[in-house]
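Inspection log for the structure reproduced underneath, given as structure tokens.
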Amino acid sequence: MDIDQQGENSASETASENVVPVAKKSGNNNDGGVETAEEATEPAEPDINELCRDMFDKMAIFLQGELTATCEDYKLLENMNKLTSLKYMEMKDISINISRNLQDLNQKYASLQPYLDQINQIEEQVTALEQAAYRLDTYSKKLEAKFKKLEKR
């Protein structure tokens, strides 16, 4: 006989022992509805083994639920860690690519540096030439003014 059958048998035995007779209304009595009491018996104490079994079953269910919840929490954490690890790997790959591209750009800039220096020199020469042109223009205007002055005399 397994535990469930034993529990059912002892439950039915306990239920039959716990029956308390109820006071009945006497049908033959002409006293106008007076009730008579039958002998009252104290309810039998429940079977301690059955109560223990019930407590252990419920405790097992509770602990099983707690362990299941904890396992689910750990699985969730594990999945989150895996996803985070993948994200960091992606970020690492991106940073490696950025680093390579930056090195390539630095190399290209270094190879263009002589041309940039030449452009700076040409710009300085153009600025100097522009200033010389302004001075020449100013001198030619003064010279023209003197010529017109001399011509008027």
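- From Ile96, atom CD1 reaches atom CG of Asn101 across 12.0 Å, with rounding to the nearest 0.5 Å.
- Between atom SG of residue Cys71 and atom CG of residue Leu76 there is a gap of 13.0 Å, rounded to the nearest 0.5 Å.
- Note that CG of Asn106 and NZ of Lys108 are 11.5 Å apart. Values are rounded to the nearest 0.5 Å.
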Please list every donor-acceptor pair under 3.5 Å in which a side-chain atom of residues 138-150 meets a protein atom from a residue at least two apart or in another chain.
from, atom 1, to, atom 2, distance (Å)
Thr138, OG1, Tyr134, O, 2.8
Ser140, OG, Leu136, O, 3.3
Ser140, OG, Asp137, O, 2.8

What verdict does the side chain to side chain contact (heavy atoms under 4.5 Å, CB included) test give for Leu51 and Met55, after you've listed the backbone C-alpha separation in whole Å, the side-chain angles of each residue and the deciding distance to 0.1 Å?
CA-CA 6 Å; Leu51 291 175; Met55 180 196 67; over 6 Å; no

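- Applying the side chain to side chain donor-acceptor pair (under 3.5 Å) definition to pairs two or more places apart or across chains, none involves residues 68-94.
- Between Met80 and Leu83 there is no side-chain heavy-atom pair separated by less than 4.5 Å.
- Rounding to the nearest 0.5 Å places CD1 of Ile61 at 14.0 Å from CZ of Phe56.
- To the nearest 0.5 Å, atoms CD1 (Ile94) and OG (Ser99) are separated by 13.5 Å.
- Between Tyr115 atom OH and Ile122 atom CD1 the span is 12.5 Å, to the nearest 0.5 Å.
- In the displayed structure, Glu123 atom CD is contacted under 6.0 Å by at most 12 heavy atoms of other residues, nucleotides or ligands.
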Could you go through the salt bridge (charged side-chain N to carboxylate O under 4.0 Å, His left out) check for Asp54 and Lys58 one step at a time?
CA-CA 6 Å; Asp54 185 44; Lys58 289 179 180 177; 3.4 Å; yes

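- In this structure, a donor-acceptor pair under 3.5 Å is absent between the side chains of Asn120 and Glu124.
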Would you check, one step at a time, whether the test side chain to side chain contact (heavy atoms under 4.5 Å, CB included) holds for Gln113 with Leu116?
CA-CA 5 Å; Gln113 189 61 45; Leu116 295 173; 4.1 Å; yes

